[in-house]
Amino acid sequence: MIKITLKDGSIKEVENGSSVLDVAKAISEGLARVAQCGIVNGNVVDLRTTLNEDCELEICTFDAQEGKDTVRHSISHVLAAAVKRLFPEAKIAIGPAIANGFYYDFDVEKAFTADDLDKIEAEMKKIAKENIALERFELPREEAIKFMEEKGEPYKVELIKDLPEDAVISFYKQGEFTDLCAGPHLMSTKPVKAVKLTSVAGAYWRGNEKNKMLSRIYGTAYTKASDLEAYLNMIEEAKKRDHRKLGKELKLFSLLEEGPGFPFFLPKGMIVKNTLIDFWREIHKKAGYVEVQTPIILNRQLWERSGHWDHYKENMYTTVIDDEDYAIKPMNCPGGMLVYKQELHSYRDLPLRVGELGIVHRHEKSGALHGLMRVRCFTQDDAHIFMTPEQIRDEIKGVVALIDSVYKLFGFKYHVELSTRPEDSMGSDEAWEMATNGLKGALEDLGMDYVVNEGDGAFYGPKIDFH
């Protein structure tokens, strides 16, 4: 016998070799019926996993995130199986659970249509009714590669080849369909009932634009039809409040084919925008800022000095003036530095707080554009503060207080990340350390909760991100 410590601290004695599902049944038949997976000593596992020593065990239903992920990941396999039945030539890539659903990527000659989704969804429901058992098995790496090569699945072969040579590779078999997967998964396809395929989109293999564009099918799933219906109704209600829809209905702004990612602000939109700008000027004046305006286009030499030409050029729009390279500014910083350099400054001038409402342009890929949330041209309310090293903490605290007051006024909740030095950076180790410690110290002085986002700072410095 082995001892199983449950989530509530109670101990259950079961026979050595019992499965997680056996333990669920020993607790209650009702729990066993709704159990989706288990967590053994902190690791999420199948219900079929056998227990061979004393351990801590949590049995997860759909109410737990681990339970939701297990159901939805299993259903992504059902989706792939349905696609392979209807489109045998399709090559399968990856299919994870995500927030509120799942997706699966396929390499197909012709992208899926809305009609295709209806047929695939119907086939998924057919597979569910067949109540096909999911069976897990493992193969050594070389055998796993050969297995997927024989099945004609190049994307799976590539994934296996990236694993260590001594790795043992796990698969899940579901009738005639087999997929490379670490799991965990449901015991069978039977629970696949409340399913909806929601959309199809393009996605580069492994998120790399140099790779092939695949066809990604998104979906969601619940264990009860009523919960699925409630979720879909919520999505429909959210669409009614989508800022793109409201912007058009209220005649605030337009997004036109003549300028993808370049919004047109209409008269009513300008009233809103100018009111916000008036508010911005008022609070910055109170906080001791002066305002400047810098040019939208500046020459290549400046962008080389600032590091943007080497580190950010693919996101910049460039032009030639009088046989010289120029760039439209993607950010206000280099121009702000030139303003400061117009005269010598005494330490008595510091801190010098300089604000700018600068129009910036950044080349975003067309697939990333989204209303006013992701655009190619926007007004950045920027600030550059020139200070002594000793003033860093206090000045950062002042900026944080300003941000906090604005977010609270508009009812925004946020969390804070400290983003540190990336691999592709410029500047000395000493400067980076001083700047990072200054930001960290300010956050700690304020008692703010934050997480460290290693390596996600800008190439020219660390940053505090307010999400």
Side-chain angles (χ1 to χ4, degrees), residues 199 201 233-287 289-298 308 312 315-319 326-336 339 353-384 399-415 458 463 465-467:
S199 63
N233 286 339
M234 183 187 76
I235 295 299
E236 285 305 310
E237 287 300 313
K239 284 179 185 174
K240 293 175 188 174
R241 298 188 296 276
D242 188 298
H243 80 279
R244 293 166 296 181
K245 185 172 184 288
L246 291 174
K248 189 174 182 180
E249 287 176 356
L250 300 174
K251 298 182 180 178
L252 299 175
F253 62 89
S254 290
L255 300 164
L256 306 179
E257 289 180 8
E258 290 82 355
F262 301 100
F264 287 70
F265 280 88
L266 306 177
K268 289 180 181 176
M270 285 306 298
I271 292 172
V272 176
K273 186 174 179 179
N274 286 331
T275 303
L276 287 169
I277 287 172
D278 290 344
F279 168 67
W280 182 90
R281 289 198 164 108
E282 180 188 323
I283 60 173
H284 279 74
K285 190 174 180 182
K286 281 181 186 172
Y289 285 79
V290 294
E291 187 179 353
V292 298
Q293 185 178 78
T294 62
I296 291 176
I297 300 177
L298 294 161
H308 288 84
Y312 202 75
N315 294 100
M316 295 167 68
Y317 297 110
T318 59
T319 187
Y326 280 75
I328 302 173
K329 66 177 177 180
M331 45 194 76
N332 300 310
C333 315
V339 169
R353 305 182 188 115
V354 183
E356 178 173 11
L357 292 162
I359 296 176
V360 297
H361 292 72
R362 299 179 186 178
H363 179 61
E364 300 284 358
K365 294 189 170 49
S366 58
L369 300 175
H370 179 75
L372 295 183
M373 303 296 286
R374 182 61 72 89
V375 291
R376 289 171 170 162
C377 168
F378 57 97
T379 301
Q380 183 152 35
D381 53 322
D382 224 332
H384 299 104
V399 172
V400 172
L402 191 61
I403 292 169
D404 183 66
S405 69
V406 172
Y407 281 4
K408 278 182 176 167
L409 180 67
F410 286 93
F412 290 124
K413 291 178 182 174
Y414 62 87
H415 67 273
K463 54 183 180 167
D465 289 312
F466 293 77
H467 293 285

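Taking OH from Y289 and NE2 from H384, the interatomic distance works out to 11.0 Å, rounded to the nearest 0.5 Å. Note that NZ of K273 is 12.5 Å distant from CG of D278, once rounded to the nearest 0.5 Å. In this structure, OH in Y326 is found 13.0 Å from OG1 in T318, a value given to the nearest 0.5 Å. The SG atom of C377 lies 9.0 Å from the CD1 atom of I328; values are rounded to the nearest 0.5 Å. A distance of 9.5 Å separates CD1 in I277 from CG in D381, rounded to the nearest 0.5 Å. Within the model, atoms CG of L372 and CG of L252 stand 9.0 Å from one another, a figure rounded to the nearest 0.5 Å.
Between F466 and V400, some side-chain heavy-atom pair lies under the 4.5 Å cut-off. Put simply, the side chain of L369 reaches to within 4.5 Å of the side chain of P260, judged on heavy atoms. Between H243 and M373 the shortest side-chain heavy-atom distance falls below 4.5 Å. R362 places a side-chain heavy atom less than 4.5 Å from the side chain of Q380. Looking at K285 and E291, their side chains never come closer than 4.5 Å, going by heavy atoms from C-beta outward. You'll find the side chain of P330 stays beyond 4.5 Å of the side chain of N315, heavy atoms only. Taking 4.5 Å as the limit, some side-chain heavy atom of I283 sits within range of a side-chain heavy atom of L402.
Between W280 and G355, the shortest heavy-atom contact is CH2-C, 4.1 Å. Here the shortest heavy-atom pairing between R281 and L357 reads NH2-CD1, 3.8 Å. Nearest heavy atoms, S254 versus L266: OG-CD1, 3.6 Å. Smallest separation of non-hydrogen atoms from E356 and V292: CG-O, 3.5 Å. In terms of heavy-atom proximity, P334 sits nearest to H308 at CG-CE1, 3.8 Å. Taking each heavy atom of A327 and M316 in turn, the nearest pair found is CB-CE, 3.4 Å.
Between H361 and Y317, the ring planes lie perpendicular to each other; the angle is over 60°, past the 30° to 60° tilted range.
The backbone N or O of R244 sits less than 3.5 Å from a side-chain atom of D242, completing a donor-acceptor pair. R376 places a side-chain N or O within 3.5 Å of a backbone atom of E364 that can act as its donor or acceptor partner.
Look at E282 and K286 and you find a salt bridge, because one of the NZ, NE, NH1 or NH2 atoms lies within 4.0 Å of a carboxylate O, short of that distance.
For CD1 of I359, the number of neighbouring non-hydrogen atoms (other residues, nucleotides, ligands) closer than 6.0 Å is 12 at most. More than 12 heavy atoms of other residues, nucleotides or ligands sit less than 6.0 Å from atom CZ of F279.
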